[in-house]
Amino acid sequence: MAFVAIADRDHEHALHDPQSFIRKYIWSQDHKVIAIQYALVATAIGLVALVMSVLMRLQLGFPDTFNFIAPQEYYQYITMHGMIMVIYLLTALFLGGFGNYLIPLMLGSRDMVFPYLNMLSFWVYLLAVLVLVASFFVPGGPTGAGWTLYPPQAVLPGTPGASWGIICMLASLAIFIVAFTMGGLNYATTILQARCRGMTFMRMPLSIWGIFMATILGLLAFPALFVSAIMMALDAVVGTSFFMPAISSMGETTRYSGGSPLLFQHLFWFFGHPEVYIVALPAFGIVSDLLSTHARRNIFGYRMMVWAILAIGCLSFVVWAHHMYVSGMNPYFGFFFATTTLIIAVPTAIKVYNWVLTIWRGDVHLTVPMLFAIGFIFTFINGGLTGLFLGNVTVDVPLSGTYFVVAHFHMVMGLSPIMVVFGAIYHWYPKITGRMFDERLGKLHFWLTFVGAYCIFLPMHYLGILGVPRRYYGYPDAIQFIPPSVHEANQWISISAMIVAATQLVFLYNLIHSYFKGPVADGNPWRATTLEWQTPETPPKHGNWGKELPEVHRWAYDYSVPGAPQDFIPQNVPHSETTPAGREHGVPT
Amino acid sequence: MTIAIALIVLVVATVLFHFLSPWWFTPIASNWQTVDSTVDVTFWVTGVVFVAVNLFLAYAIIRYRHRKGNKAHYEPENKKLEWWLTGITSVGIAAMLAPGLSVWANFVTVPEGADVVEVLGQQWAWTYRFPGKDGQLGASDANLISVDNPFGMDPNDPVGQDDHLVASPELHLPIDRPVKILLRAKDVNHQFAVPQFRVKMDMVPGMVTYFWLTPTRTGEFDVLCEQLCGVAHFAMRGRVVVDKQEDFETWLAAQPTFERTLMASKGDAEAGKALFTACTACHGAQGEGNRELNAPKLSGQSDWYLVRQLQSFKGGVRGAHEQDTYAKQMIPFATMLADDTAIKNVVAYIKTLPEVRPAASVVGDPVRGRELYQTCTSCHGAKAQGIWATNAPRLSNMSDWYMARQLRNFRDGIRGGHPQDFHGAQMRSMTQILADDATIADVLDYVRTL
């Protein structure tokens, strides 16, 4: 097995445990520490974005009471909320956080193959976040161009932060992409090169498959955003016209001519659509493992699940212009992109069926991670189905630009991945900290988040069908078709949003409190099969595996194997120690 | 167990919400019923999947929840089941895609002989252009846009001379005639959207985009911008009036042609001087204003703004609200100006009056005012100098007591409520941020420093 060479050779080196506090926790090259660093920074900046969503909801629900929020601030909030949640929270958390923690542990390696690069990736990510935060303090504040940053608007007067804010935003994105590229190359190389003996591709847990494919998507898609950021910065600073046609702005003729605003949109969505899957695929993978573990049943249709991840990943590069049906691009594109978009629903639906079929005939333990996983299935079905409205060009036209879109993407790539994030944090918390969380608080967190968020987003669909436009600071009573009941709906949504936001404090309290006071966790409290639960110590020490690297003998889903003494067989248990039931049942090996 | 019951409750609640929700498509006013029926098909297919999969999930959780002695069934895959599910899904997808694409084939095919109208978007207003008798629109260029040529028309293009220019956010369309709507933007992306028409399209500077429709019922419909276009995006409003053919023709005939706007008087200050004598009694000989008589300062005000306000007073658009007492006083004086030429003459004279600094009468906190004024800069300019392109008058060096009253009137709906006062309605939306009179004083105290 050529692929395992690096991991295999590792035992020849003495393990150098870093001694000083700084080398251990600050300038750390340990993937587990870096994962936690990524997660903490992502959570911190995510909380900023959460507060901004509450401020937006105050304005929308109670415009007369909270009139300290001016229109330019409102647009700055929507922009930063979207950008932070998509890029700086979800992308960073799934790949920098979970990717970093899980890849070496699930694959039986000591660390990432480039630990120094891994450390650099985190610190450059932190720099990107700091530049982003800095944009709040520059003259004019952060950009308010919407998270899509469409030019010409993003760099012209009339848009908040059109001078300094947008430059900070573009710089921060470019820096983020540098950080991601360092991390991403590392994740992909580690998965390709540093799997332990016996860990074939078709034995990898689906978490790794999801993270792997998302990383590949990121490496191919982020460059499109990178060049757009550079070009737009040049348009704004140097006066080039990549995205700028001849324009009369505020009654004055500008020096721009000949550029194309639509070019930016194509580049942005060439990145932007795969970005949806950069967030979704790790969530798909992780939730598969949560469901399988807590239902005590093998993931249903593993091979189909892997192929679905690959198919979704490839198709995600040929659907981007479904974000642009009414952008003014040649309308004939609609035929192609509607078709590719609806085709992508097939592998996605297969995944949903297989999650449900994993629960079916299982032995379902309704633990906190399992509740979040089930909650994910529900919200994802909802958000996935509304995607069939917006992907189908004709149906999209009346709904585009309305709250239906807001409801759809929050359901499918806001709420759904966040449900997985919560489930995953609860699931791996005992391994990461060595302590158990408080289950009652975890359940409280689940119920308020799950039901509360549904109360936020369900009515939004119907406001959108009515035609209520998104990105409106207010709804002056002069819009004839908007009845007063819409205002009541907005109040309801705002109150729900505030309850859900406040609930996250319960989550944070649980994490912090349990870290110090929680009961000490067993090394494998969920009785899971994957390698990260088989480490000699919990939390795993530097180098993960002590003297000997594990050796894998089976796939990741040997739950409830007939004839086995326990309802799970870890991946590193040889067949000689169990009945060969797996092979008889046609387990992929 | 609770989660399974919760799933069932959520499914039932969602279905009930769907049928009982007071919010559904607005009554359609165009030929695109086929769009609505495609949406209906999609709702049925996805609705069945939503209910079926979630209820099955709930059933599986209840049936296979952990109880002592339970053991999961070991079954890595079931090829037959997976292929069946894939097949059924593909059929469902095709059932939605096929009608969608066939309607789209209609969307991309503009009927031959369709009328043409151009919508021109800018931050944050709509204007429109109809071709004249030749049926063709004249050439235009963003670099030609100026206060005298807001449409950016090429004055040397003979084709454009008879184009009708509609310098108002209200568009009229004739019923039952297919119309190709050409879309152009001066500055940033916008979107021309009328929910009752169902179809819409972005407008992108540097290119001309389009869509088509046939209005099928008369009435007035809101035009919304649905592509984020800056701070006042939410206040970028217009109206489409669908008329009977003859009403439409009457309206269109009243819209000036490009040729006529070129020939229109620029105003003669000499002629205006005589007219202005009637104004001096209240506004003062130098147009410096007089607070006791509730007459604001006029000198230094943007000329296009004075013209529009005089027209508004005259046309009853301003001063319509019963509590707008002082505006009502102005109406008979504005009516004394016989026509647009007279209005332009008197404004031309006002333009020659010397600039004087009005006395300060509103005291607030200029530091707080400066922060609040950030919102105002987008239209009125950083120096409060007024910007014609955003229809925003000059504020600096004008009567502060007058502006305070106008801001209160906007906020309280006394000004800006007339259906033809689009710019006033825009200002009404913006005054949401001015909670109380102290806030207004803060802003105005800052404006005085500009």
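Throughout, a chain's letter reflects where its sequence line sits, starting with A, and its residues are numbered from 1.
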Problem - Residue A:F68 versus chain B: region with a heavy atom under 4.5 Å - result: neither
Completion exercise
Whatever's closer than 4.5 Å to a heavy atom in chain A on B:T209 counts as side chain
Fill in the blank from the handout: The interface call for A:Q59 against chain B, heavy-atom contacts under 4.5 Å, is side chain
Handout entry: Proximity breakdown for A:Y454 and chain B, heavy-atom pairs closer than 4.5 Å
Key = side chain
Handout entry: For chain B, the option from A:D567, A:N354, A:I381, A:V364 that forms the most heavy-atom pairs under 4.5 Å
Key = A:V364
Fill in the blank from the handout: Counting heavy-atom pairs under 4.5 Å with chain B, the top scorer among A:T402, A:L463, A:T159 is A:L463
Handout entry: B:W104, part contacting chain A, at a heavy-atom distance under 4.5 Å
Key = both
Exercise for the section: Answer with side chain, backbone, both or neither: which region of A:L357 has an atom nearer than 4.5 Å to a non-hydrogen atom of chain B? Expected result: side chain
Handout entry: Portion of B:A185 that has a non-hydrogen atom of chain A nearer than 4.5 angstrom
Key = neither
Exercise for the section: To the nearest 0.5 angstrom, please state how far the CG atom of A:L388 sits from the CZ atom of B:F43. Expected result: 12.0 Å
Completion exercise
Honestly, the part of A:S560 sitting under 4.5 Å from a heavy atom of chain B is both
Exercise for the section: Return the option, out of A:G334, A:G328, A:G467, with the maximum number of heavy-atom pairs under 4.5 Å with chain B. Expected result: A:G328
Fill in the blank from the handout: Under 4.5 Å to a heavy atom of chain A? For B:D222 that would be side chain
Practice task
Return the option, out of A:T254, A:V393, A:L371, A:V346, with the maximum number of heavy-atom pairs under 4.5 Å with chain B.
Solution key: A:V393
Practice task
Would you check, one step at a time, whether the test side-chain contact (heavy atoms from CB on, under 4.5 Å) holds for B:N189 with A:Q265?
Solution key: CA-CA 11 Å; B:N189 294 358; A:Q265 297 186 23; 3.1 Å; yes
Handout entry: Part of A:A162 within contact of chain B (heavy atom distance under 4.5 Å)
Key = neither
Exercise for the section: Pick one of side chain, backbone, both or neither for B:M207, based on which atoms fall under 4.5 Å of a heavy atom in chain A. Expected result: side chain
Practice task
May I ask you to decide if the ring planes of B:F234 and A:Y75 are parallel, tilted or perpendicular, using 30° and 60° as cut-offs?
Solution key: tilted
Problem - Engaged part of B:F211 at the chain A interface, taking heavy atoms whose separation is under 4.5 Å - result: neither
Practice task
Classify the ring geometry between B:F56 and A:W360 as parallel (under 30°), tilted (30 to 60°) or perpendicular (over 60°).
Solution key: tilted
Problem - Which portion of A:Y473 sits near chain B, non-hydrogen atoms under 4.5 angstrom - result: both
Problem - Contacting moiety of B:Q227, where chain A heavy atoms sit under 4.5 Å - result: side chain
Practice task
Please step through side-chain contact (heavy atoms from CB on, under 4.5 Å) for the pair A:I343 and B:I93, ending with a clear verdict.
Solution key: CA-CA 8 Å; A:I343 288 175; B:I93 298 287; 5.9 Å; no
Problem - Pairs of heavy atoms under 4.5 Å with chain A: top-ranked of B:L228, B:I433, B:T89, B:T38 - result: B:L228
Exercise for the section: Please report the C-alpha distance between B:F221 and A:F481 in whole Å, then the side-chain angles of each, then the deciding distance to 0.1 Å, and finally whether the ring-ring contact (aromatic ring centres under 6.0 Å, His included) criterion is met. Expected result: CA-CA 8 Å; B:F221 309 102; A:F481 72 87; over 10 Å; no
Completion exercise
Here the pair of heavy atoms bringing B:V188 nearest to A:L156 is CG1-CD1, 3.9 Å
Fill in the blank from the handout: When the 4.5 angstrom heavy-atom criterion is applied to A:I359 and chain B, the contacting part is both
Completion exercise
Highest number of heavy-atom pairs under 4.5 Å with chain B among A:V352, A:T339, A:L262, A:N330 belongs to A:T339
Exercise for the section: Measure A:T358 against the heavy atoms of chain B and call it side chain, backbone, both or neither at under 4.5 Å. Expected result: neither
Practice task
Tell me, for A:E488 versus chain B, whether the close heavy atoms (under 4.5 Å) come from the side chain, the backbone, both or neither.
Solution key: neither
Problem - chain A contact via B:V35 - side chain, backbone, both or neither, heavy atoms under 4.5 Å - result: both
Handout entry: Interchain contact, B:I387 with chain A, by part (heavy-atom threshold 4.5 Å)
Key = side chain
Exercise for the section: Give the intermediate values and the outcome of side-chain contact (heavy atoms from CB on, under 4.5 Å) for residues A:L385 and B:V49. Expected result: CA-CA 8 Å; A:L385 289 174; B:V49 175; 4.1 Å; yes
Exercise for the section: Grab the two heavy atoms, one from B:K200 and one from A:V397, that are nearest each other, plus how far apart they are. Expected result: CE-O, 2.7 Å
Handout entry: Within 6.0 angstrom of B:W24 CH2, more than 12 heavy atoms from elsewhere
Key = yes
Handout entry: Minimal non-hydrogen separation, B:H233 against A:R470, with atom names
Key = NE2-O, 4.2 Å
Handout entry: Exercise: identify the closest heavy-atom pair between A:D363 and B:H66
Key = OD1-ND1, 2.8 Å
Exercise for the section: Kindly state whether the ring of A:F378 and the ring of B:F50 have centres lying under 6.0 angstrom apart. Expected result: yes
Problem - Which portion of B:R63 sits near chain A, non-hydrogen atoms under 4.5 angstrom - result: neither
Handout entry: Heavy-atom proximity to chain A below 4.5 Å, by part of B:W124
Key = side chain
Practice task
Below 4.5 Å from any heavy atom of chain A, which atoms of B:S21 appear? Answer side chain, backbone, both or neither.
Solution key: side chain
Practice task
Report the distance from atom CG of B:L7 to atom CD1 of A:I377, rounding to the nearest 0.5 Å.
Solution key: 9.0 Å
Problem - chain B contact via A:L342 - side chain, backbone, both or neither, heavy atoms under 4.5 Å - result: both
Practice task
Could you have a look at B:V53, B:T377, B:T390 and say which one has the most heavy-atom pairs with chain A under 4.5 angstrom?
Solution key: B:V53
Completion exercise
Rounded to the nearest 0.5 Å, the CG atom of B:D202 sits from the OH atom of A:Y325 at a distance of 14.5 Å
Fill in the blank from the handout: Closest heavy-atom pair, B:K71 versus A:A564, reported as atoms and distance to 0.1 Å, is NZ-O, 4.0 Å
Problem - Heavy-atom proximity to chain B below 4.5 Å, by part of A:Y557 - result: backbone
Handout entry: Non-hydrogen atoms of A:R297 and B:H73 that approach each other most closely
Key = NE-O, 2.7 Å
Problem - Part of B:T2 within contact of chain A (heavy atom distance under 4.5 Å) - result: both
Handout entry: Nearest-0.5 Å distance, CD1 of residue B:I61 to CD1 of residue A:I374
Key = 3.5 Å
Practice task
Go through the atoms of B:L372 and report whether side chain, backbone, both or neither lie under 4.5 Å from a heavy atom of chain A.
Solution key: neither
Problem - Under 4.5 Å from a heavy atom of chain B, the part of A:S400 involved - result: both
Problem - Option in A:G401, A:P483, A:P71, A:S257 with maximal non-hydrogen atom pairs under 4.5 Å from chain B - result: A:P71
Handout entry: A:M304 CE to B:K79 NZ distance, which is reported to the nearest 0.5 Å
Key = 7.5 Å
Problem - NZ/NE/NH1/NH2 to OD/OE distance under 4.0 Å, A:R471 and B:E226 - result: no
Exercise for the section: Show your working on side-chain contact (heavy atoms from CB on, under 4.5 Å) between B:E82 and A:F300 and close with a plain yes or no. Expected result: CA-CA 10 Å; B:E82 289 175 73; A:F300 187 85; 3.9 Å; yes
Exercise for the section: Let me know if A:Y559 has heavy atoms under 4.5 Å from chain B in its side chain, its backbone, both or neither. Expected result: backbone
